[in-house]
Enquirer: 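Take a look at the following structure, please.
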Amino acid sequence: MPFFKDLSLSAFTAGFVAVLVGFTSSVAIVFQAAQAFGATPAQITSWMWALGLGMGLCSLVPSLILRKPVMVAWSTPGAAVLATAGLAGSFTMGEAVGAFMVSAVLITLAGVTGWFERVMNRIPMEIAAALLAGVLARFGLQAFAAAQTALPLVLAMLVVYLFSRKFAARYAVVITLAVAVAFVALQGRMAWSAVQLELALPVFTPPTFSLAAAISLAIPLFVVTMASQNLPGVAVIRASGYDLPISRLITMTGLATLVLAPFGAFALNFSAITAAICMGPEAHEDRRRRYTAAVSCGALYVAIGLFGAVITGLLTAFPKELVVAIAGLALLGTIGNGLAVALQGEAHREAALITFLVTLSGVVIAGVGSAFWGVVAGSFALFVQQYARSPDRKTP
């Protein structure tokens, strides 16, 4: 099978790091969203089952078919919106599921009609690259900020990474991760008590449709998923040089959400951070073989869905400093490439820089994240610079 010939240790490690980063950085928010609707422990486990299978299959299957990396994740800002709105509105789990399905229909329509891809096609590559760099740079900053609470660990990881880049560049992240795990294990900082031998079982919740839930839950969930997740996700794809059928893939995520919503899959979408890990040079020096990183990531997500508490415990056993440090180091190359593309042309340089800074700021306006506002600010700056014309003034 071609996949196993193309698979490498560095690609599998990239997939594992992507799962580690994507899962541990936001799983608490998903738990909070589920609890906001009064979810039972069995329903929370079902959410992990549905999200794991949805993310895994939507990443694994198209990556194998297209032989290009397709990375799908849950909507982290969507979960935050649900957690806040759920508590404020006192919605039932049935109403929440109904809202998930309404949002899924809207996402599917965005893919079927192709309007979202048409909008993305009008964004210059420099703006997209600046958006990518701005989204990822926060992880780079967090990697070194972790030194405040775990200086020996971060220093050890940085030294190992730099020497590995010099003598074994292809396996730099692999070696760094292995050393980091051994380092924290010897210190007794691995939280093995979080690991529980338990399989996940799906729990079906009949949907209840209401206008209040559609307005308070479904529409905000749709907006933040498209603006804060799919938009930077497409930017990562474009900046990484991959030509993917964006509209068809968005349609796929919408339909998958619609099917799995009664079991807890609130929103599936393109990933940005984890996609950059699997689409970057750290995954494999040959970009034609990087799809194996996405397949590996998808397989691990499926395992999370099927084995629920076991895999959840294993991933959450890692100290948070290790997670943010390995993410930042794995993304250094992609951040650098993004900035290089964003600033290479003088005509778009200032607009790209504005996009980068607004995105990096993390500002949230009207519940929509900085990735969207970075594109808005950069596009406006570009319009003013290149297209707005002052009326000619006649001298008396």
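All residue numbers refer to positions in the sequence shown, counting from 1.
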Enquirer: Which is it for Leu153 and Met157 under the side-chain contact (heavy atoms from CB on, under 4.5 Å) test, yes or no, and what are the steps along the way?
Expert: CA-CA 6 Å; Leu153 172 63; Met157 293 177 68; 3.9 Å; yes
Enquirer: Can you confirm whether or not the ring centre of Phe270 sits under 6.0 Å from the ring centre of Trp74?
Expert: no
Enquirer: Check Thr257, Leu255, Ile107 against Leu268 for a side-chain contact (heavy atoms from CB on, under 4.5 Å) and give me the one that passes.
Expert: Thr257
Enquirer: Within the supplied structure, the quantity of interest is the number of heavy atoms (other residues, nucleotides, ligands) at a distance under 6.0 Å from Glu350 CD; does it exceed 12?
Expert: no
Enquirer: If I take atom CG from residue Leu249 and atom CG from residue Asn230, how far apart are they, to the nearest 0.5 angstrom?
Expert: 10.0 Å
Enquirer: Could you tell me the separation between the CG atom of Leu20 and the OG1 atom of Thr274, rounded to the nearest 0.5 Å?
Expert: 11.5 Å
Enquirer: Could you tell me whether the side chain of Ser75 and the main chain of Ala267 form a donor-acceptor pair under 3.5 Å?
Expert: no
Enquirer: Are Phe163 and Val174 co-members of a hydrophobic cluster defined by side-chain heavy atoms under 4.5 Å apart?
Expert: no
Enquirer: Whether the side chain of Ser216 engages the backbone of Ala213 through a donor-acceptor N/O pair (distance < 3.5 Å, no angle test) should be reported.
Expert: no
Enquirer: Near Arg248 CZ, under 6.0 Å, is it more than 12 heavy atoms from other residues, nucleotides or ligands?
Expert: no
Enquirer: Identify the two heavy atoms, one from Gly15 and one from Cys278, that lie closest to each other, and give their separation to 0.1 Å.
Expert: CA-SG, 4.0 Å
Enquirer: Within the distance-only criterion (no hydrogens, no angle test), does the side chain of Arg189 pair as donor or acceptor with the backbone N or O of Val184 below 3.5 angstrom?
Expert: no
Enquirer: Minimum heavy-atom separation for Thr292 to Ala11, with atom names?
Expert: OG1-CB, 3.2 Å
Enquirer: What orientation do Phe263 and Trp49 show, parallel under 30°, tilted 30 to 60°, or perpendicular over 60°?
Expert: perpendicular
Enquirer: What residue among Ile65, Val72, Val295 forms side-chain contact (heavy atoms from CB on, under 4.5 Å) with Leu60?
Expert: Val295
Enquirer: Look at Asp6 together with Arg67 and state whether they make a salt bridge at an N to O cut-off of under 4.0 Å.
Expert: yes
Enquirer: Please name the pair of heavy atoms, one in Leu382 and one in Ala347, separated by the smallest distance, quoted to 0.1 Å.
Expert: CD1-O, 4.2 Å
Enquirer: I need the Ile273 CD1 to Arg138 CZ distance, nearest 0.5 Å.
Expert: 7.0 Å
Enquirer: What's the verdict on side-chain contact (heavy atoms from CB on, under 4.5 Å) for Thr149 and Glu321, showing C-alpha distance, side-chain angles and the deciding distance?
Expert: CA-CA 8 Å; Thr149 54; Glu321 292 90 352; 3.0 Å; yes
Enquirer: Quick one, Phe380 and Ile354 - any side-chain contact, counting heavy atoms below 4.5 Å?
Expert: no
Enquirer: Ignoring hydrogens, what is the shortest heavy-atom contact between Val97 and Thr205? Give both atom names and the distance.
Expert: CG1-O, 3.8 Å
Enquirer: Is it the case that over 12 heavy atoms from other parts of the model lie below 6.0 angstrom from the CZ atom of Phe204?
Expert: yes
Enquirer: Salt bridge or not for Glu117 and Arg122, using N-O below 4.0 Å?
Expert: no
Enquirer: If you take all heavy atoms of Ser164 and Ile175, which pair is closest and at what distance?
Expert: OG-CG2, 3.6 Å
Enquirer: In the structure I gave you, are the side-chain heavy atoms of Ile44 and Thr40 within less than 4.5 Å of one another anywhere?
Expert: no
Enquirer: Roughly how far, to the nearest 0.5 Å, is OH of Tyr301 from SG of Cys58?
Expert: 12.5 Å
Enquirer: So do the side chains of Leu360 and Leu141 get within less than 4.5 Å of each other, counting heavy atoms only?
Expert: yes
Enquirer: Kindly give the heavy-atom pair with the smallest separation between Ile123 and Ala128, and that separation in Å.
Expert: CG2-N, 4.2 Å
Enquirer: Between Arg290 and Glu282, does at least one N-O distance fall below 4.0 Å, as a salt bridge requires?
Expert: no
Enquirer: Can you find a pair of side-chain heavy atoms, one from Val70 and one from Ser59, that are under 4.5 Å apart?
Expert: no
Enquirer: Can you tell me how far the CD atom of Glu346 sits from the CD atom of Glu126, to the nearest 0.5 Å?
Expert: 12.5 Å
Enquirer: Between atom CD1 of Ile277 and atom CE of Met71, what is the distance when rounded to the nearest 0.5 Å?
Expert: 7.5 Å
Enquirer: After noting the C-alpha distance and the side-chain angles of Phe266 and Thr225, does the key distance pass the side-chain contact (heavy atoms from CB on, under 4.5 Å) rule?
Expert: CA-CA 10 Å; Phe266 56 90; Thr225 296; over 6 Å; no
Enquirer: Side chains of Val223 and Phe372, heavy atoms from C-beta outward: is any pair under 4.5 Å?
Expert: no
Enquirer: Quick check: does any side chain N or O of Lys68 sit under 3.5 Å from a backbone N or O of Ser63, one acting as donor and the other as acceptor?
Expert: no
Enquirer: Contact between Leu329 and Val173 at the side-chain level, heavy atoms closer than 4.5 Å - yes or no?
Expert: no
Enquirer: Where the side chain of Tyr242 meets the backbone of Arg287, is there a donor-acceptor pair that is under 3.5 Å apart?
Expert: yes
Enquirer: Does any non-hydrogen side-chain atom of Leu306 lie less than 4.5 Å from one of Leu53?
Expert: yes
Enquirer: Does Gly134 offer a backbone N or O that forms a donor-acceptor pair with the side chain of Thr359 under 3.5 Å?
Expert: no
Enquirer: Leu131 pairs by side-chain contact (heavy atoms from CB on, under 4.5 Å) with which of Leu231, Val236, Val234?
Expert: Leu231
